[in-house]
Amino acid sequence: MASRNSCVSLIEAFVDSTRPADTQKAAVDAVASLVKEDSISLQALVREMELYLTTTDDVIRARGILFLSEVLMRLLSKSLDNSTVSSLIGFLSSRLADWRALSGALTGCLALLRRKNNVGMVVGSDAKELAQSMLDNVDVQLLAMNDRKLCFEVFQCLLDFHTETLTSLGDNFVYGIIQAVDQEKDPRCLVHTFHLIQSLGSLFGLRVDCGHAAQDLFEVLSCYFPIYFTHKVSDDFEVKREVLSDALMHAFCSTPYFEPFAIPLLLEKLSSSLPLAKIDSLKYLNKCMLSYGADKMMQHAENIWSALKEVIFSFPPQLDAKSSSNFVSDDGTKAHAHEIVKEAFACLKTAILLFCCHNNDEFLTLIIDDNDVEKCFCSVTSATKSEYSDKIHHQLSALGSVLSVVASVSTFCCNKVFQKFFPSLMESLDIAARNSVDYGDANKIISRILNLGALYLCVLLLNSCRDLTVTAWELSEPSDSLQGSWWNFIQIFSGPLTAAFKSAMAISSEVTVECGKFKEEHHILNAAKGMQLIATYPVHYSPVTDDAFEDILATFISFITRRSDTLLWKSSLNSLVQIGSSISRYKDSRRLIIYYEIVVRKLVSLLREVSTVSFASNVEAISEIGICAPDFILPVLEGFEDAILLNFLKASIDGSSKSTNSLVFLLDCYCNKVLPWCHNSGSIKEPGLQLAISILQQMENVVAFKMEPGMQDLLDKVMVTMKIIVGCCNEDSQHMILKSTYSLVLTSINLQADFISFSSNILETLVFIPDPSEWACKNKWLMYFFASIVIALRPQTPLPHVEKLLYLFLVFSLKGYLPAAQALASLINKMPSDVDQLGTANTTALEEFVQMILETFSSILINSPQKVPDMLNGDEEAFLQFHSKLQIHAMVGIAWLGKALLMRGHEQLKDIANILLKCLLLSLTTMTASSSCGSDNHNSERTQYLVARSASDAFQILLSDSEVCLNKKFHANIKPLYKQRFFSTMMPVLYKSIKECNSASRRALLYRAFVHTISGIPMVALVAEMNKVIPLLLDALSVLDIDVLNKDLVYSLLLVLSGFLIDEKGKEGILVYVHTIIDRLVKLISYPHMKLIRETTIQCLTAITSLPYTRIYPMKVQVLKALSVALDDKKRIVRQEAVKCRHACFIFLPNAMQGIDGFVISLCMRQVVMFVHAQEDCSTGPNFQKASNFDEEDHQEQGDEGILKHQLVTTKKEISRLKVERENFFIILNAGSPDKSGEGYIRVRTTMVHIGGENTNTMLSLNSGCFVRVGLISGGSRPQRRRAAIATVPCAADGGGVGEGNGRAFAMESFMKDIRGDGKTVLDLDPKAAVGGGVEDVYGEDRATEEQLVTPWTVSVASGYTLLRNPHHNKGLAFTEKERDAHYLRGLLPPVSISQELQEKKLMHNLRQYQVPLQRYMALMDLQERNEKFFFTSYLLTMLRSCYLLFTHRQ
């Protein structure tokens, strides 16, 4: 047992409220652990705490009870006997009368109530005693929030575990809870309140005489409906409006006794003008109908239908199928409307299901016989062209949705709807009841008169019937249960309806139909949807005959093959895809055969018709049909392969350009759609294998191949296709293809076995084999196939003649054949360490192969040629040229070899990296050696430069992700974090090499290698080495931006720099070099060769504004000058980024000033900052003290905070006189007490001012201009220059730190004369008035800001986007350069100015081109919305011209 002293010390640690919270928590945990481990019994603990629980000291007693309760809360799983639980709950219940210890008592009661039965829980008598004590002693609404929450949780536990016991308390308990929850407002407590009321429903179910209590309880509950609560982001609790609304909804539905009060309330709220109130009312009504039951809800049936009808016809859904994407708007209105319609129809469906059970048609008759429904039906089915308005358009949408919902509920409802409306619809379409086979003349009748409103309603009803049959098919219900009136109607009219839909699809845009409000898109989509629905009924449930089904398929096929209209073609193809999917889903073998004969076979046959104009459309159509279901993919796959093989032979043998283009499109569709679908679905094993074998057989049989100049794209497509096909095959199939292709290559190229060995002389082999440009066309095709097959092999695939394969690809890569280098890299990457695993007889290890290949490459790259071999006839110049090409090809080969080793984590990668660096560092030495051999100096230097540049670009191959090989798709061996390891190894070497390099040319090449190295590295690794990366990055920007060929490298550097600016740790490294970074970026703003560089540069400058203010402020002038050039950039995106950056330059605040008492201000200071001390006696005149000049050294010595404290000087009540030196142009800011209204006025003065009065003066600093609110401004002895207009705008004053005796005075030097460049200050300029009484932007700041800050004329004069959107003042491109500067339009308009006269001529010319008067009218109305002055001028010219023509005609 634990000692008494240790337990007492723990109790004392908690009872002492001065102890830290962690200490108190630890004390509770320690005592709870002792009790759990039986080191001390709970009874003994209570005895030890007797003095703390019963003392007269209120604080100690409250802390003691809370300590015991916290211990009990941690002992929920500890087994206790019933007597202990009973004594504890009795004690805590009695403590509820002690309001000082109430929180602890509630916590303890809650802990005991949460205990389970198997560990000892509160019995019924004790629960009843606790409930009575709660009702007698606790006034919930007088407590704090946490205590109220505890009370609600206690009540909830009592209702959850002791419901039967509480019924004996009668109405006292119910009304006690009503009193407890009444007027609750805290969202955290309201959630518990609503759950508590929901639990009372079970209590009402046990009692009969509770109607009056339910009414009182619902009165409390109804006050919260609907919920209006916005969750704040800063709140530390997660209570959102949706959570509260759902809890309230469940409370509404908790008991049927709420029905007399809830339903009238919900129906009343449906007429609310607030969208959220409507949505909640519909949700609650839907839930309440299901909870209350049909018996109680039947009395409200008529009112429910009336309310739903009003909502549905007030918010009709969209007619077209694409409308769901249009429900997002700026103000959320459309989104709310969509939600209202959705909930209304869900509620209507629930009502029909509830009221129409057991085929009760009372509510159904109420809907279909409604006078408004009948009037609406007559209007939409009999409307003529002149009568078809927006109102009828909305009625059609609402009526169609209502009928569709009603018909989709059950067969009984569907029969009623069809009996009521379907005959009238057929009559409106002028369709008589006839056999589905005999409808040949229907096309003539329908094409003459077509009521698209009736056709739209037919589509919706067909959709409802189809949904019924699909549900029955899924539930395996007998088809006889569905047959009724609707079945008979569709069976009779399926043929004529199909003809009607065909006619509607055939209507062209020139034909005028009665339903003039419909666009062509709408009725084509509806007609296609109608035929699709007729053809997609499940097997044995379909009322449609096979003849009608065949006719529908033939119609869609005719539209696809004709390709007369894009929308018609897309809708037909989509319908055929849906029909094919439904057939496969329903496993309808009969219609599967029909679909195959009419659709699949027809489209597959079109693949052979290369000469047709719509060949691309046919290929796309057959691919979509093939992947819609597994039943059609095999014939489609075979059709594709036959067409590919046929076009391949025509393109490669005959050189047909049409066949080449068709083959490219076939391969693209085959690779991107058909093969991926086959691979993902697993329906076909090894798709495309037969195609690959067939192509190889044809290449073996055909001798003459053609290779036209434009067939490179075809070769690339063929390589991709072969890779995908071989990559999907198993190891045995891959081995078979590889073996046959290898034999074919050896036979075709006629290589001797002696040459294919590492023991042979590599130079002799290279001279013997011709260059790829000299190869025969067949050999070129074969090598493409061979390389593609090797690249896609699996690691476990057996390789025939491994050594010969490697040597063959080594030779071809040295001849400049890039796919051979990639194939060689793939073999090395996937090759096991022991080659015997491949099933070959060769026991040479991987390391030996790598070493032999590496020695071959290094001998060519490092060693200089010593003599001219005999095979070049002793021509030294020819041999040097041959050797230079060989070095460049070897560099590419060793780069791909290094990538293969890098990805698998091989150790010999270090040797490759050393070779690359050696080629970079010894480039000049090699050039000198080449020159000494007697060759041409210029050619030698050029060649060696290309070799060195290839070495630097080899780092890009090493670290970039490849799509053509060495990736997961082609089974590459990839070790995790291989890039990071290479970077950490190479970065110190590169850093040292660059620092020690003295040659400018070698330094540039090293920077190229550096850029390629860091471009693909994750930001985490770069940040770890940022002290080395950032300086090199900045130097690389200055070196590489000179050459236009390096623009991609510059862009890569900017992307890396932007990553540092986004990363929080990266900003720390950026801050050290921020001035250098800004200097580099400013130079790149006007980079002429690449738009992305200018855009990214400005984005980086924008990100820099988030850095500490004092570090970036000295560069602000330089940035603003550069941005003024970007504001006139030719590219709009660059101008927009310049606007954002310029705006960001003016709104950032000095972080160091955030904690200073008073206003948080943005001071525009550069080097000289002068602060003013006012003497205690203001009548003696001004007395100034000048602060010392601060520069970069002062910043480093004292720091930002010390300088700012030194700069701030306190004044007394006010400053009576402030003198401003003209030559320095100081702006004085004074913070005094605000006026009584709490509003200040901002005013600008640019000369000497006198400030006086009692209510002086609220200060605010914005951007680089500073504005002072003054009570009295009077002129001084020196003559003043005034602006043409000085506008004032109200500005809310910040009360923090502003008051009597709490003023601050600042003065600062204007730096705008440096920005202007002419050395003049603002006072030296002539004031110029702007439009509407504003002043010209003489500071040159805030141009083209998206969100204008407060300026002296923001209210009186529009500027920026506001001006351009104001048709009264907008002049478009007619704004002059000065006007654009004055009104902040720089960057918002293209950098060109066109006079209004020229614009008028262009407009008049454009208006004359329009043939339809309506088009001219629309153009003029659009102009009026943008530029009224221009509109009236142009309109007047148009009227004068018309009058002149009319007068001339009459003459």
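Note that these values count all heavy atoms, side chains included, but never hydrogens, waters or copies made by symmetry.
- The minimum heavy-atom distance linking Ile65 with Gly104 is given by the pair CG2-C, 3.8 Å.
- The pair Arg241-Asp280 counts as a salt bridge, with a side-chain nitrogen and a carboxylate oxygen less than 4.0 angstrom apart.
- Considering CG of Leu45 and CD1 of Ile40, their distance stands at 5.0 Å, rounded to 0.5 Å.
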- Task: Take Glu343 and Tyr284 through the test side chain to side chain donor-acceptor pair (under 3.5 Å) and record every step on the way to the result.
- Result: CA-CA 10 Å; Glu343 294 297 335; Tyr284 284 37; over 6 Å; no
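- Checked by atom type and distance alone, the side chain of Ser69 never pairs as donor or acceptor with a backbone atom of Thr107 at under 3.5 Å.
- Within 6.0 Å of CD in Glu310 there are 12 or fewer heavy atoms belonging to other residues, nucleotides or ligands.
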- Audit row: Met298, Phe355, side-chain contact (heavy atoms from CB on, under 4.5 Å) steps and yes/no: CA-CA 7 Å; Met298 196 63 196; Phe355 296 134; 3.5 Å; yes
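- At a threshold of 4.5 Å between non-hydrogen side-chain atoms, the residues Leu42 and Leu72 count as touching.
- No cation-pi contact links Arg19 to Phe14, judged by a cut-off of 6.0 Å to the six-membered ring centre and 45° from its axis.
- Across all non-hydrogen atoms, the minimal contact from Ser103 to Leu150 is O-CD1, 3.9 Å.
- Ring pair Phe173/Phe155 is perpendicular by interplanar angle, where above 60° counts as perpendicular and below 30° as parallel.
- Looking at Ile352 and Val406, their side chains come closer than 4.5 Å, going by heavy atoms from C-beta outward.
- Proximity of a side-chain donor or acceptor of Ser222 to a complementary backbone N or O of Glu219 within less than 3.5 Å is detected.
- A side-chain donor-acceptor contact under 3.5 Å links Arg74 to the backbone of Glu70.
- Heavy-atom minimum distance, Val154 versus Leu106: CG2-O, 3.9 Å.
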**Item:** Pair Phe91-Leu53, side-chain contact (heavy atoms from CB on, under 4.5 Å): steps then yes or no
**Value:** CA-CA 10 Å; Phe91 168 74; Leu53 298 177; 4.1 Å; yes
Exercise for the section: Using the side-chain contact (heavy atoms from CB on, under 4.5 Å) rule, take Tyr52 and Leu68 through it: C-alpha gap first, then chi angles, then the decisive distance, then the call. Expected result: CA-CA 10 Å; Tyr52 300 98; Leu68 177 62; over 6 Å; no
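- Phe194 pairs in a side-chain contact (heavy atoms from CB on, under 4.5 Å) with only one of the listed residues (Tyr224, Phe152, Phe252), which is Tyr224.
- For Lys309, the NZ atom is densely surrounded, since the number of other residues' heavy atoms within 6.0 Å is greater than 12.
- In this structure the side chain of Ile304 reaches within 4.5 angstrom of the side chain of Met289, judged on heavy atoms.
- A distance-only check finds no donor-acceptor pair linking the side chain of Ser86 to the backbone of Asn82 [under 3.5 Å].
- A distance of 13.0 Å separates CD1 of Ile263 from CD of Glu268, quoted to the nearest 0.5 Å.
- Judged by distance alone, with hydrogens and angles left aside, the side-chain atoms of Thr84 form no donor-acceptor pair with the main-chain N or O of Leu80 at under 3.5 Å.
- When atom types are taken as modelled, the side chain of Ser133 and the backbone of Glu129 share no donor-acceptor pair closer than 3.5 angstrom.
- Atom CG of Asp295 sits in a sparse spot, with 12 or fewer heavy atoms from other residues, nucleotides or ligands closer than 6.0 Å.
- Nearest heavy atoms, Ala127 versus Val122: N-CG1, 3.7 Å.
- Centroid-to-centroid, the aromatic rings of Tyr257 and Phe218 stay 6.0 Å apart or farther.
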task: List the steps and the verdict of side-chain contact (heavy atoms from CB on, under 4.5 Å) for Arg188 and Met145.
output: CA-CA 8 Å; Arg188 292 164 289 188; Met145 186 277 298; 3.5 Å; yes
Query raised in the report: Yes or no on salt bridge (charged side-chain N to carboxylate O under 4.0 Å, His left out) for Glu339 and Lys278, after CA distance, side-chain angles and deciding distance?
Result: CA-CA 9 Å; Glu339 188 70 19; Lys278 287 182 178 291; over 6 Å; no
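- A donor-acceptor pair is defined here as one N or O able to donate and one able to accept, closer than 3.5 Å; such a pair exists between the side chain of Ser254 and the backbone of Ala251.
- Judged purely by atom type and a 3.5 angstrom limit, Gln141 uses its side chain to pair as donor or acceptor with the backbone of Ala180.
- The two residues Ala30 and Leu10 make their nearest non-hydrogen contact at CB-CD1, 3.8 Å.
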Between Thr350 and Asn286, is a side chain to side chain donor-acceptor pair (under 3.5 Å) present by the stated rule, with each step listed?
CA-CA 7 Å; Thr350 300; Asn286 191 4; 2.5 Å; yes
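- Judged by distance alone, the side chain of Lys36 and the main-chain N or O of Leu75 form no donor-acceptor pair under 3.5 Å.
- Ion pair Lys78/Asp38 flagged as a salt bridge, since at least one NZ, NE, NH1 or NH2 atom sits closer than 4.0 Å to an Asp/Glu carboxylate oxygen.
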Check your understanding: Checking side chain to side chain donor-acceptor pair (under 3.5 Å) for the pair Gln299/Glu259: CA distance, chi angles, key distance, verdict?
Key -> CA-CA 11 Å; Gln299 58 181 324; Glu259 170 265 325; 2.9 Å; yes
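- Taking 4.5 Å as the limit, some side-chain heavy atom of Val8 sits within range of a side-chain heavy atom of Glu12.
- Under the 4.5 Å side-chain criterion, counting only non-hydrogen atoms from C-beta, His192 is in contact with Lys149.
- When side chains are defined from C-beta on, Cys151 counts as touching Leu143, because their heavy atoms get closer than 4.5 Å.
- Atom CD of Glu362 and atom CD1 of Ile367 lie 11.5 Å apart (nearest 0.5 Å).
- Using a 4.0 Å cut-off between a side-chain N of Lys or Arg and a carboxylate O of Asp or Glu, Asp57 and Arg61 do not qualify as a salt bridge.
- With hydrogens and angles ignored, the 3.5 Å screen pairs no side-chain donor or acceptor of Thr255 with any backbone N or O of Phe258.
- The number of heavy atoms from other shown groups lying within 6.0 Å of CD (Gln179) does not exceed 12.
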